[in-house]
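The analysis underlying the following values was restricted to heavy atoms, covering all of them including side chains, and did not include hydrogens, waters or symmetry mates. Numbers restart at 1 for each chain; the letters A, B, ... are given by sequence-line order, proteins then strands.
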There are 2 protein chains.
Amino acid sequence: MSSESPKRLLFRQFAAVAKAVAHEHRLELLEALAQGERRVEILANRTGMSVANTSQHLQLMRRAGLIESRREGKFTFYRLSGPAVLDLLAALILIGERHVGEVDKIVRTYFLSRDELEPISRSELRKRIKGGDVQVIDVRPQDEFASGHLPNAINIPLEELEAQLAMLDTKKEIVAYCRGAYCVLSFDMVERLRARGFKARRLEDGWPEWQAAGLPVMVCGQGSRAGT
Amino acid sequence: MSSESPKRLLFRQFAAVAKAVAHEHRLELLEALAQGERRVEILANRTGMSVANTSQHLQLMRRAGLIESRREGKFTFYRLSGPAVLDLLAALILIGERHVGEVDKIVRTYFLSRDELEPISRSELRKRIKGGDVQVIDVRPQDEFASGHLPNAINIPLEELEAQLAMLDTKKEIVAYCRGAYCVLSFDMVERLRARGFKARRLEDGWPEWQAAGLPVMVCGQGSRAGT
DNA sequence: ATATCAATCAATCAAATAATTGAATATTGT
DNA sequence: ACAATATTCAATTATTTGATTGATTGATAT
(Lines give C-alpha, C1' and ligand atoms only; values in the text may rest on other atoms or scores of the structure.)
Protein backbone atom coordinates (compact mmCIF):
# COMPACT_ATOMS: atom_id res chain seq x y z
CA MET A 1 0.00 0.00 0.00
CA SER A 2 3.02 2.28 -0.24
CA SER A 3 2.35 3.20 -3.85
CA GLU A 4 0.93 6.69 -4.16
CA SER A 5 -0.58 8.53 -7.05
CA PRO A 6 2.04 10.18 -9.25
CA LYS A 7 0.20 13.45 -8.91
CA ARG A 8 0.57 13.27 -5.17
CA LEU A 9 4.27 12.56 -5.55
CA LEU A 10 4.70 15.54 -7.87
CA PHE A 11 2.78 17.83 -5.57
CA ARG A 12 5.07 16.78 -2.76
CA GLN A 13 8.02 17.98 -4.82
CA PHE A 14 6.37 21.25 -5.75
CA ALA A 15 5.46 21.77 -2.10
CA ALA A 16 9.13 21.30 -1.25
CA VAL A 17 10.01 24.10 -3.67
CA ALA A 18 7.41 26.31 -2.02
CA LYS A 19 8.70 25.44 1.44
CA ALA A 20 12.13 26.55 0.37
CA VAL A 21 10.90 30.10 -0.30
CA ALA A 22 8.57 30.14 2.68
CA HIS A 23 10.89 31.83 5.13
CA GLU A 24 11.67 35.43 5.85
CA HIS A 25 15.42 34.95 5.78
CA ARG A 26 15.41 32.82 2.69
CA LEU A 27 13.45 35.44 0.81
CA GLU A 28 16.07 37.95 1.84
CA LEU A 29 18.80 35.64 0.59
CA LEU A 30 17.00 35.25 -2.72
CA GLU A 31 16.65 39.01 -3.04
CA ALA A 32 20.39 39.34 -2.52
CA LEU A 33 21.10 36.58 -5.04
CA ALA A 34 18.82 38.28 -7.56
CA GLN A 35 21.55 40.94 -7.81
CA GLY A 36 24.11 38.37 -8.93
CA GLU A 37 26.09 35.51 -7.44
CA ARG A 38 27.39 35.90 -3.89
CA ARG A 39 29.55 34.12 -1.33
CA VAL A 40 28.13 32.60 1.81
CA GLU A 41 29.79 34.99 4.22
CA ILE A 42 28.61 38.06 2.32
CA LEU A 43 25.08 36.74 2.40
CA ALA A 44 25.38 36.03 6.11
CA ASN A 45 26.45 39.61 6.75
CA ARG A 46 23.69 41.00 4.62
CA THR A 47 20.98 39.07 6.42
CA GLY A 48 22.48 39.26 9.89
CA MET A 49 22.49 35.49 10.29
CA SER A 50 25.36 33.30 11.43
CA VAL A 51 27.43 31.75 8.67
CA ALA A 52 26.41 28.23 9.68
CA ASN A 53 22.77 29.13 9.64
CA THR A 54 23.07 30.90 6.31
CA SER A 55 24.84 27.89 4.85
CA GLN A 56 22.05 25.60 5.91
CA HIS A 57 19.38 27.80 4.42
CA LEU A 58 21.33 28.01 1.18
CA GLN A 59 21.71 24.27 0.97
CA LEU A 60 18.04 23.77 1.62
CA MET A 61 17.24 26.08 -1.29
CA ARG A 62 19.77 24.31 -3.47
CA ARG A 63 18.13 20.96 -2.78
CA ALA A 64 14.81 22.51 -3.74
CA GLY A 65 16.20 23.70 -7.07
CA LEU A 66 15.95 27.41 -6.36
CA ILE A 67 19.66 28.14 -6.40
CA GLU A 68 22.91 26.62 -7.62
CA SER A 69 26.45 26.82 -6.35
CA ARG A 70 29.93 26.99 -7.75
CA ARG A 71 33.18 26.44 -5.93
CA GLU A 72 36.13 28.73 -6.53
CA GLY A 73 39.09 28.09 -4.28
CA LYS A 74 38.03 28.47 -0.71
CA PHE A 75 34.80 30.16 -1.68
CA THR A 76 31.39 28.86 -2.60
CA PHE A 77 29.35 31.17 -4.79
CA TYR A 78 25.60 30.80 -4.92
CA ARG A 79 23.31 32.07 -7.67
CA LEU A 80 19.66 31.77 -8.69
CA SER A 81 19.00 28.64 -10.74
CA GLY A 82 17.03 30.55 -13.36
CA PRO A 83 14.60 33.33 -14.20
CA ALA A 84 11.63 31.27 -13.01
CA VAL A 85 12.74 32.05 -9.47
CA LEU A 86 12.16 35.74 -10.12
CA ASP A 87 8.72 34.89 -11.49
CA LEU A 88 7.99 32.99 -8.32
CA LEU A 89 9.01 35.95 -6.16
CA ALA A 90 7.02 38.34 -8.33
CA ALA A 91 3.88 36.21 -7.99
CA LEU A 92 4.37 36.05 -4.23
CA ILE A 93 4.71 39.82 -3.99
CA LEU A 94 1.73 40.42 -6.24
CA ILE A 95 -0.51 38.23 -4.12
CA GLY A 96 0.76 39.94 -0.99
CA GLU A 97 0.07 43.39 -2.39
CA ARG A 98 -3.36 42.58 -3.71
CA HIS A 99 -4.76 40.35 -1.05
CA VAL A 100 -2.93 40.77 2.23
CA GLY A 101 -4.05 43.74 4.27
CA GLU A 102 -0.90 43.75 6.36
CA VAL A 103 1.25 44.46 3.33
CA ASP A 104 -0.76 47.51 2.46
CA LYS A 105 -0.54 48.74 6.02
CA ILE A 106 3.23 48.37 6.14
CA VAL A 107 3.65 50.14 2.82
CA ARG A 108 1.45 52.99 4.03
CA THR A 109 3.31 53.30 7.32
CA TYR A 110 6.87 53.15 6.09
CA PHE A 111 6.89 54.30 2.50
CA LEU A 112 5.37 57.21 0.74
CA SER A 113 2.29 55.91 -0.96
CA ARG A 114 3.01 54.44 -4.35
CA ASP A 115 0.94 57.03 -6.14
CA GLU A 116 2.77 59.92 -4.58
CA LEU A 117 6.03 58.46 -5.80
CA GLU A 118 4.70 58.17 -9.35
CA PRO A 119 6.88 55.22 -10.24
CA ILE A 120 8.15 55.07 -13.79
CA SER A 121 7.99 51.86 -15.81
CA ARG A 122 10.96 50.08 -17.34
CA SER A 123 9.90 50.77 -20.90
CA GLU A 124 9.26 54.45 -20.23
CA LEU A 125 12.60 54.85 -18.49
CA ARG A 126 14.35 53.19 -21.38
CA LYS A 127 12.90 55.69 -23.81
CA ARG A 128 13.88 58.60 -21.63
CA ILE A 129 17.40 57.31 -21.20
CA LYS A 130 17.70 57.21 -24.98
CA GLY A 131 16.34 60.74 -25.14
CA GLY A 132 18.97 61.76 -22.60
CA ASP A 133 16.62 63.98 -20.63
CA VAL A 134 16.86 62.06 -17.37
CA GLN A 135 19.48 61.35 -14.70
CA VAL A 136 19.46 57.76 -13.48
CA ILE A 137 20.75 57.07 -9.97
CA ASP A 138 21.65 53.60 -8.77
CA VAL A 139 21.21 53.63 -4.99
CA ARG A 140 22.78 50.23 -4.33
CA PRO A 141 26.16 49.66 -2.69
CA GLN A 142 29.20 50.14 -4.85
CA ASP A 143 29.96 46.43 -5.35
CA GLU A 144 26.49 45.67 -6.61
CA PHE A 145 26.66 48.62 -8.97
CA ALA A 146 30.01 47.40 -10.25
CA SER A 147 28.67 43.97 -11.17
CA GLY A 148 26.05 45.53 -13.46
CA HIS A 149 23.77 48.54 -13.75
CA LEU A 150 21.46 50.52 -16.03
CA PRO A 151 22.99 52.42 -18.95
CA ASN A 152 24.22 55.90 -18.02
CA ALA A 153 23.33 55.35 -14.37
CA ILE A 154 25.51 56.95 -11.74
CA ASN A 155 26.07 55.22 -8.43
CA ILE A 156 25.10 57.20 -5.33
CA PRO A 157 24.50 55.12 -2.22
CA LEU A 158 22.33 56.92 0.33
CA GLU A 159 25.16 57.86 2.65
CA GLU A 160 27.04 59.51 -0.20
CA LEU A 161 24.21 61.73 -1.34
CA GLU A 162 25.52 64.79 0.49
CA ALA A 163 28.94 64.46 -1.05
CA GLN A 164 27.59 63.95 -4.55
CA LEU A 165 24.86 66.58 -4.60
CA ALA A 166 26.94 68.89 -6.74
CA MET A 167 27.05 66.20 -9.45
CA LEU A 168 23.35 66.51 -10.04
CA ASP A 169 21.68 68.72 -12.57
CA THR A 170 18.86 70.59 -10.88
CA LYS A 171 17.00 70.93 -14.17
CA LYS A 172 16.85 67.31 -15.28
CA GLU A 173 14.43 64.88 -13.71
CA ILE A 174 16.00 62.14 -11.60
CA VAL A 175 14.98 58.48 -11.55
CA ALA A 176 16.29 56.35 -8.70
CA TYR A 177 16.34 52.56 -8.60
CA CYS A 178 17.76 49.85 -6.37
CA ARG A 179 17.29 46.14 -5.83
CA GLY A 180 13.65 45.69 -6.54
CA ALA A 181 10.06 46.47 -5.76
CA TYR A 182 10.48 46.52 -2.00
CA CYS A 183 14.00 47.66 -1.61
CA VAL A 184 13.85 50.69 0.66
CA LEU A 185 16.87 52.41 -0.81
CA SER A 186 15.24 54.11 -3.77
CA PHE A 187 12.24 55.14 -1.68
CA ASP A 188 14.56 56.91 0.72
CA MET A 189 16.55 58.47 -2.09
CA VAL A 190 13.49 59.92 -3.77
CA GLU A 191 12.26 61.35 -0.49
CA ARG A 192 15.59 63.00 0.22
CA LEU A 193 15.97 64.38 -3.28
CA ARG A 194 12.47 65.83 -3.21
CA ALA A 195 13.20 67.41 0.15
CA ARG A 196 16.02 69.23 -1.60
CA GLY A 197 13.82 70.45 -4.39
CA PHE A 198 14.79 67.96 -7.08
CA LYS A 199 12.23 66.45 -9.37
CA ALA A 200 12.69 62.78 -8.49
CA ARG A 201 10.86 59.54 -9.13
CA ARG A 202 11.37 55.82 -8.60
CA LEU A 203 11.74 53.03 -11.12
CA GLU A 204 8.76 50.77 -10.41
CA ASP A 205 11.01 47.77 -9.95
CA GLY A 206 14.76 47.30 -9.81
CA TRP A 207 17.95 45.94 -11.25
CA PRO A 208 17.06 42.22 -11.31
CA GLU A 209 13.88 42.86 -13.28
CA TRP A 210 15.62 45.20 -15.71
CA GLN A 211 18.26 42.58 -16.34
CA ALA A 212 15.72 39.76 -16.61
CA ALA A 213 13.77 41.76 -19.20
CA GLY A 214 16.82 41.69 -21.44
CA LEU A 215 17.16 45.47 -21.52
CA PRO A 216 20.57 47.02 -22.22
CA VAL A 217 23.00 47.06 -19.31
CA MET A 218 26.49 48.22 -18.44
CA VAL A 219 29.05 46.37 -16.41
CA CYS A 220 31.98 47.24 -14.20
CA GLY A 221 33.98 50.37 -14.85
CA GLN A 222 32.58 50.84 -18.35
CA GLY A 223 29.68 52.93 -17.18
CA SER A 224 30.06 56.24 -15.44
CA ARG A 225 30.50 55.91 -11.72
CA ALA A 226 29.95 59.01 -9.67
CA GLY A 227 32.79 60.63 -7.70
CA THR A 228 36.04 59.21 -6.33
CA MET B 1 14.44 47.93 20.02
CA SER B 2 11.31 46.19 18.83
CA SER B 3 11.12 48.20 15.60
CA GLU B 4 12.21 46.18 12.61
CA SER B 5 13.04 47.22 9.09
CA PRO B 6 9.96 47.56 6.91
CA LYS B 7 11.56 45.27 4.37
CA ARG B 8 11.82 42.55 6.97
CA LEU B 9 8.19 43.06 7.88
CA LEU B 10 7.14 42.81 4.25
CA PHE B 11 9.21 39.71 3.68
CA ARG B 12 7.51 38.15 6.67
CA GLN B 13 4.18 38.68 4.95
CA PHE B 14 5.40 37.32 1.63
CA ALA B 15 6.84 34.32 3.43
CA ALA B 16 3.42 33.73 4.97
CA VAL B 17 1.93 33.61 1.48
CA ALA B 18 4.57 31.10 0.45
CA LYS B 19 3.97 29.00 3.56
CA ALA B 20 0.33 28.79 2.64
CA VAL B 21 1.15 27.05 -0.64
CA ALA B 22 3.94 24.97 0.85
CA HIS B 23 1.94 21.85 1.55
CA GLU B 24 1.05 18.87 -0.57
CA HIS B 25 -2.62 18.94 0.34
CA ARG B 26 -2.97 22.67 -0.03
CA LEU B 27 -1.54 22.49 -3.54
CA GLU B 28 -4.11 19.85 -4.31
CA LEU B 29 -6.85 22.10 -2.95
CA LEU B 30 -5.58 24.97 -5.08
CA GLU B 31 -5.57 22.76 -8.16
CA ALA B 32 -9.17 21.85 -7.47
CA LEU B 33 -10.09 25.50 -6.92
CA ALA B 34 -8.39 26.42 -10.18
CA GLN B 35 -11.30 24.63 -11.87
CA GLY B 36 -13.80 26.97 -10.26
CA GLU B 37 -15.32 27.61 -6.86
CA ARG B 38 -16.06 24.60 -4.68
CA ARG B 39 -17.66 23.68 -1.36
CA VAL B 40 -15.63 22.45 1.59
CA GLU B 41 -17.05 18.94 1.59
CA ILE B 42 -16.41 18.44 -2.12
CA LEU B 43 -12.81 19.52 -1.62
CA ALA B 44 -12.47 17.19 1.34
CA ASN B 45 -13.65 14.25 -0.75
CA ARG B 46 -11.35 15.15 -3.60
CA THR B 47 -8.26 15.30 -1.39
CA GLY B 48 -9.19 12.45 0.91
CA MET B 49 -8.90 14.65 3.99
CA SER B 50 -11.39 15.02 6.80
CA VAL B 51 -13.78 17.96 6.50
CA ALA B 52 -12.37 19.63 9.62
CA ASN B 53 -8.83 19.31 8.34
CA THR B 54 -9.80 20.63 4.92
CA SER B 55 -11.60 23.56 6.51
CA GLN B 56 -8.51 24.49 8.49
CA HIS B 57 -6.26 24.36 5.46
CA LEU B 58 -8.73 26.50 3.53
CA GLN B 59 -8.89 29.09 6.28
CA LEU B 60 -5.13 29.22 6.46
CA MET B 61 -4.96 29.94 2.74
CA ARG B 62 -7.69 32.53 3.05
CA ARG B 63 -5.75 34.34 5.76
CA ALA B 64 -2.73 34.32 3.44
CA GLY B 65 -4.73 35.93 0.63
CA LEU B 66 -4.62 32.95 -1.73
CA ILE B 67 -8.33 32.21 -1.70
CA GLU B 68 -11.61 33.88 -0.83
CA SER B 69 -14.90 32.49 0.39
CA ARG B 70 -18.55 33.19 -0.04
CA ARG B 71 -21.41 31.91 2.04
CA GLU B 72 -24.57 30.64 0.37
CA GLY B 73 -27.08 29.14 2.75
CA LYS B 74 -25.51 26.23 4.58
CA PHE B 75 -22.58 26.12 2.21
CA THR B 76 -19.29 27.94 2.07
CA PHE B 77 -17.81 28.24 -1.39
CA TYR B 78 -14.10 28.87 -1.80
CA ARG B 79 -12.39 30.29 -4.88
CA LEU B 80 -8.94 31.53 -5.89
CA SER B 81 -8.42 35.17 -4.98
CA GLY B 82 -7.06 36.04 -8.42
CA PRO B 83 -5.01 35.04 -11.43
CA ALA B 84 -1.74 35.72 -9.60
CA VAL B 85 -2.31 32.48 -7.73
CA LEU B 86 -2.14 30.57 -11.00
CA ASP B 87 1.09 32.42 -11.82
CA LEU B 88 2.49 31.34 -8.49
CA LEU B 89 1.61 27.71 -9.13
CA ALA B 90 3.02 27.90 -12.66
CA ALA B 91 6.32 29.28 -11.38
CA LEU B 92 6.48 26.55 -8.76
CA ILE B 93 5.89 23.85 -11.35
CA LEU B 94 8.40 25.36 -13.76
CA ILE B 95 11.12 25.39 -11.13
CA GLY B 96 10.28 21.84 -10.18
CA GLU B 97 10.46 20.65 -13.78
CA ARG B 98 13.68 22.44 -14.61
CA HIS B 99 15.70 22.02 -11.46
CA VAL B 100 14.40 19.16 -9.34
CA GLY B 101 15.63 15.76 -10.42
CA GLU B 102 12.86 13.94 -8.58
CA VAL B 103 10.20 15.59 -10.69
CA ASP B 104 11.80 14.40 -13.87
CA LYS B 105 12.09 10.89 -12.47
CA ILE B 106 8.43 10.76 -11.50
CA VAL B 107 7.34 12.05 -14.89
CA ARG B 108 9.49 9.47 -16.64
CA THR B 109 8.19 6.65 -14.47
CA TYR B 110 4.50 7.39 -14.57
CA PHE B 111 3.84 9.32 -17.73
CA LEU B 112 4.83 8.84 -21.30
CA SER B 113 7.64 11.23 -21.97
CA ARG B 114 6.39 14.65 -22.92
CA ASP B 115 7.94 14.51 -26.36
CA GLU B 116 6.24 11.27 -27.25
CA LEU B 117 2.91 12.83 -26.42
CA GLU B 118 3.60 15.80 -28.70
CA PRO B 119 1.50 18.22 -26.66
CA ILE B 120 -0.36 20.87 -28.60
CA SER B 121 -0.32 24.51 -27.49
CA ARG B 122 -3.35 26.57 -26.59
CA SER B 123 -3.00 28.88 -29.55
CA GLU B 124 -2.56 26.04 -32.02
CA LEU B 125 -5.54 24.18 -30.63
CA ARG B 126 -7.66 27.31 -30.89
CA LYS B 127 -6.86 27.62 -34.58
CA ARG B 128 -7.67 24.00 -35.22
CA ILE B 129 -10.96 24.22 -33.33
CA LYS B 130 -11.91 27.10 -35.61
CA GLY B 131 -10.91 25.02 -38.59
CA GLY B 132 -13.11 22.21 -37.29
CA ASP B 133 -10.59 19.48 -38.13
CA VAL B 134 -10.11 18.26 -34.57
CA GLN B 135 -12.14 16.50 -31.87
CA VAL B 136 -11.62 17.93 -28.40
CA ILE B 137 -12.21 15.64 -25.43
CA ASP B 138 -12.60 16.94 -21.88
CA VAL B 139 -11.49 14.13 -19.58
CA ARG B 140 -12.64 15.73 -16.33
CA PRO B 141 -15.61 14.57 -14.26
CA GLN B 142 -19.02 15.64 -15.45
CA ASP B 143 -19.57 18.39 -12.87
CA GLU B 144 -16.32 20.13 -13.71
CA PHE B 145 -17.15 19.95 -17.39
CA ALA B 146 -20.58 21.42 -16.70
CA SER B 147 -19.17 24.48 -14.96
CA GLY B 148 -17.13 25.38 -18.03
CA HIS B 149 -15.16 23.82 -20.88
CA LEU B 150 -13.47 24.43 -24.23
CA PRO B 151 -15.65 25.25 -27.24
CA ASN B 152 -16.95 22.16 -29.05
CA ALA B 153 -15.40 19.86 -26.46
CA ILE B 154 -17.19 16.65 -25.61
CA ASN B 155 -16.99 15.24 -22.09
CA ILE B 156 -15.68 11.71 -21.79
CA PRO B 157 -14.34 10.78 -18.35
CA LEU B 158 -11.90 7.88 -18.49
CA GLU B 159 -14.34 5.27 -17.23
CA GLU B 160 -16.82 6.17 -19.94
CA LEU B 161 -14.43 5.81 -22.84
CA GLU B 162 -15.64 2.33 -23.75
CA ALA B 163 -19.24 3.41 -23.87
CA GLN B 164 -18.48 6.50 -25.95
CA LEU B 165 -16.03 5.05 -28.43
CA ALA B 166 -18.64 4.97 -31.16
CA MET B 167 -19.03 8.74 -30.85
CA LEU B 168 -15.52 9.32 -32.09
CA ASP B 169 -14.51 9.92 -35.66
CA THR B 170 -11.60 7.64 -36.50
CA LYS B 171 -10.40 10.06 -39.16
CA LYS B 172 -10.14 13.26 -37.17
CA GLU B 173 -7.30 13.87 -34.79
CA ILE B 174 -8.25 13.96 -31.11
CA VAL B 175 -6.94 16.40 -28.51
CA ALA B 176 -7.55 15.54 -24.86
CA TYR B 177 -7.29 17.93 -21.94
CA CYS B 178 -8.07 17.92 -18.25
CA ARG B 179 -7.24 19.99 -15.20
CA GLY B 180 -3.74 21.15 -15.94
CA ALA B 181 -0.15 20.35 -16.64
CA TYR B 182 0.12 17.46 -14.20
CA CYS B 183 -3.34 16.11 -14.22
CA VAL B 184 -3.03 12.44 -15.10
CA LEU B 185 -6.39 12.14 -16.79
CA SER B 186 -5.47 13.39 -20.24
CA PHE B 187 -2.23 11.40 -20.22
CA ASP B 188 -4.22 8.25 -19.61
CA MET B 189 -6.81 9.17 -22.20
CA VAL B 190 -4.20 9.72 -24.90
CA GLU B 191 -2.54 6.42 -24.11
CA ARG B 192 -5.82 4.53 -24.33
CA LEU B 193 -6.90 6.24 -27.51
CA ARG B 194 -3.58 5.53 -29.17
CA ALA B 195 -3.82 1.89 -28.09
CA ARG B 196 -7.06 1.78 -30.09
CA GLY B 197 -5.49 3.27 -33.16
CA PHE B 198 -6.71 6.83 -32.83
CA LYS B 199 -4.47 9.78 -33.61
CA ALA B 200 -4.49 11.48 -30.19
CA ARG B 201 -2.54 14.22 -28.49
CA ARG B 202 -2.67 16.22 -25.28
CA LEU B 203 -3.27 19.91 -24.73
CA GLU B 204 -0.05 21.12 -23.11
CA ASP B 205 -1.92 22.53 -20.16
CA GLY B 206 -5.53 22.42 -19.05
CA TRP B 207 -8.80 24.15 -18.38
CA PRO B 208 -7.61 26.70 -15.78
CA GLU B 209 -4.91 28.03 -18.08
CA TRP B 210 -7.25 28.17 -21.07
CA GLN B 211 -9.72 30.14 -19.04
CA ALA B 212 -7.05 32.41 -17.55
CA ALA B 213 -5.78 33.20 -21.04
CA GLY B 214 -9.19 34.66 -21.86
CA LEU B 215 -9.83 32.22 -24.69
CA PRO B 216 -13.42 31.42 -25.69
CA VAL B 217 -15.29 29.01 -23.43
CA MET B 218 -18.64 27.32 -23.13
CA VAL B 219 -20.63 26.81 -19.98
CA CYS B 220 -23.14 24.33 -18.68
CA GLY B 221 -25.54 22.59 -21.05
CA GLN B 222 -24.83 24.98 -23.90
CA GLY B 223 -21.96 22.96 -25.25
CA SER B 224 -22.29 19.43 -26.52
CA ARG B 225 -21.99 16.82 -23.82
CA ALA B 226 -21.34 13.27 -24.94
CA GLY B 227 -23.81 10.48 -24.33
CA THR B 228 -26.62 10.01 -21.78
C1' DA C 1 53.84 20.36 7.29
C1' DT C 2 51.15 23.65 9.44
C1' DA C 3 48.33 27.59 10.05
C1' DT C 4 44.42 29.88 8.29
C1' DC C 5 40.14 30.62 6.44
C1' DA C 6 35.50 29.49 4.15
C1' DA C 7 32.03 26.52 4.35
C1' DT C 8 29.73 22.45 5.98
C1' DC C 9 28.22 18.94 9.16
C1' DA C 10 26.23 16.95 13.43
C1' DA C 11 23.92 17.26 17.63
C1' DT C 12 20.89 19.73 20.54
C1' DC C 13 17.00 22.41 22.08
C1' DA C 14 13.14 25.49 21.17
C1' DA C 15 9.34 26.72 18.30
C1' DA C 16 5.98 26.13 14.71
C1' DT C 17 2.92 23.18 12.09
C1' DA C 18 -0.35 19.29 11.03
C1' DA C 19 -3.88 15.74 12.00
C1' DT C 20 -7.37 14.15 15.04
C1' DT C 21 -11.20 14.33 17.93
C1' DG C 22 -15.33 16.04 19.68
C1' DA C 23 -17.95 20.11 20.69
C1' DA C 24 -20.00 24.46 18.97
C1' DT C 25 -22.25 27.52 15.55
C1' DA C 26 -25.27 28.77 11.90
C1' DT C 27 -28.67 27.86 8.44
C1' DT C 28 -32.41 25.28 6.43
C1' DG C 29 -36.57 22.50 6.36
C1' DT C 30 -40.29 20.47 9.10
C1' DA D 1 -39.29 25.30 18.23
C1' DC D 2 -36.78 21.16 16.56
C1' DA D 3 -33.88 18.20 14.00
C1' DA D 4 -30.60 17.85 10.26
C1' DT D 5 -26.68 19.43 7.84
C1' DA D 6 -22.34 22.16 6.62
C1' DT D 7 -18.78 24.26 8.50
C1' DT D 8 -15.88 26.01 12.08
C1' DC D 9 -13.64 26.07 16.59
C1' DA D 10 -10.76 24.33 20.46
C1' DA D 11 -7.78 21.16 22.64
C1' DT D 12 -4.46 17.47 22.20
C1' DT D 13 -0.63 14.98 20.32
C1' DA D 14 2.85 13.92 16.91
C1' DT D 15 5.91 15.71 13.59
C1' DT D 16 8.64 19.02 11.31
C1' DT D 17 11.35 22.98 11.15
C1' DG D 18 14.80 26.59 12.77
C1' DA D 19 18.82 28.45 15.49
C1' DT D 20 22.85 27.52 18.05
C1' DT D 21 27.04 25.44 19.22
C1' DG D 22 31.28 23.33 18.36
C1' DA D 23 33.69 20.05 15.52
C1' DT D 24 35.18 18.90 10.69
C1' DT D 25 36.40 19.19 5.90
C1' DG D 26 38.93 21.20 1.99
C1' DA D 27 41.68 24.62 -0.11
C1' DT D 28 45.29 28.08 -0.01
C1' DA D 29 49.53 30.26 1.54
C1' DT D 30 53.61 30.43 4.40
Point to revise | Donor-acceptor pair between A:Arg62 and A:Ser69 side chains, under 3.5 angstrom | key: yes
Practice item. May I ask you to verify whether the side chain of A:Gln56 and the base of D:dT17 hold a donor-acceptor pair under 3.5 Å? Key: no
Practice item. Show your reasoning for whether side chain to side chain contact (heavy atoms under 4.5 Å, CB included) applies to B:Leu125 and B:Trp210. Key: CA-CA 10 Å; B:Leu125 178 56; B:Trp210 182 278; 4.1 Å; yes
Exercise for review: Indicate yes or no: does A:Arg70 engage A:Glu72 in a salt bridge with an N to O separation below 4.0 Å.
Suggested key: yes
Study note, to complete from the structure: For A:Ala212, the side chain to side chain contact (heavy atoms under 4.5 Å, CB included) test, sequence neighbours excluded, returns A:Leu86
Review point. Taking CG from B:Asn53 and P from C:dT17, how many angstroms apart are they, rounded to a whole number?
Key: 15 Å
Practice item. Using atom NE2 of B:His23 as one end and atom P of D:dT15 as the other, report the distance to the nearest whole Å. Key: 14 Å
Exercise for review: Measure the distance from CD on B:Gln59 to P on C:dT25 and round it to the nearest whole Å.
Suggested key: 15 Å
Review point. Could you state the CD-P distance from B:Glu72 to D:dT5, rounded to the nearest angstrom?
Key: 19 Å
Review point. How long is the line joining NE2 of B:His57 and P of C:dA18, in whole Å?
Key: 6 Å
Exercise for review: Measure the distance from CG on A:Leu29 to C1' on D:dA19 and round it to the nearest whole Å.
Suggested key: 14 Å
Point to revise | Between B:Arg179 and B:Gln35: side-chain donor-acceptor atoms closer than 3.5 Å | key: no
Point to revise | Sub-4.0 Å heavy-atom contacts from residues 38-47 of chain B onto DNA chain D, ordered by number | key: B:Arg39, B:Val40, B:Glu41
**Study point:** Length of the CZ-C1' vector between A:Phe75 and D:dT28, whole Å
**Key:** 10 Å
Practice item. Would you tell me if any nitrogen or oxygen in the side chain of A:Ser55 comes within less than 4.0 Å of OP1 or OP2 on C:dA7? Key: no
Practice item. In whole angstrom, give the distance that lies between atom CE of A:Met49 and atom P of D:dG18. Key: 11 Å
**Study point:** Whichever of B:Ser50 and B:Leu60 has its nearest DNA chain C nucleotide further upstream toward 5'
**Key:** B:Leu60
Practice item. Using a heavy-atom cut-off of under 4.0 Å over every strand shown, decide if B:Tyr78 touches base, sugar-phosphate, or nothing. Key: sugar-phosphate
Review point. Does B:Arg71 make a side-chain N or O approach to OP1 or OP2 of D:dA6 shorter than 4.0 Å?
Key: no
Exercise for review: Over 60° means perpendicular and under 30° means parallel, so classify the ring planes of A:His57 and A:His25, tilted if in between.
Suggested key: perpendicular
**Study point:** Position toward the 5' end of DNA chain D (nearest nucleotide), B:Lys19 or B:Ala52
**Key:** B:Ala52
Review point. Does B:Arg38 make a cation-pi contact with B:Phe77, if we ask for NZ or CZ under 6.0 Å from the ring centre and within 45° of the axis?
Key: no
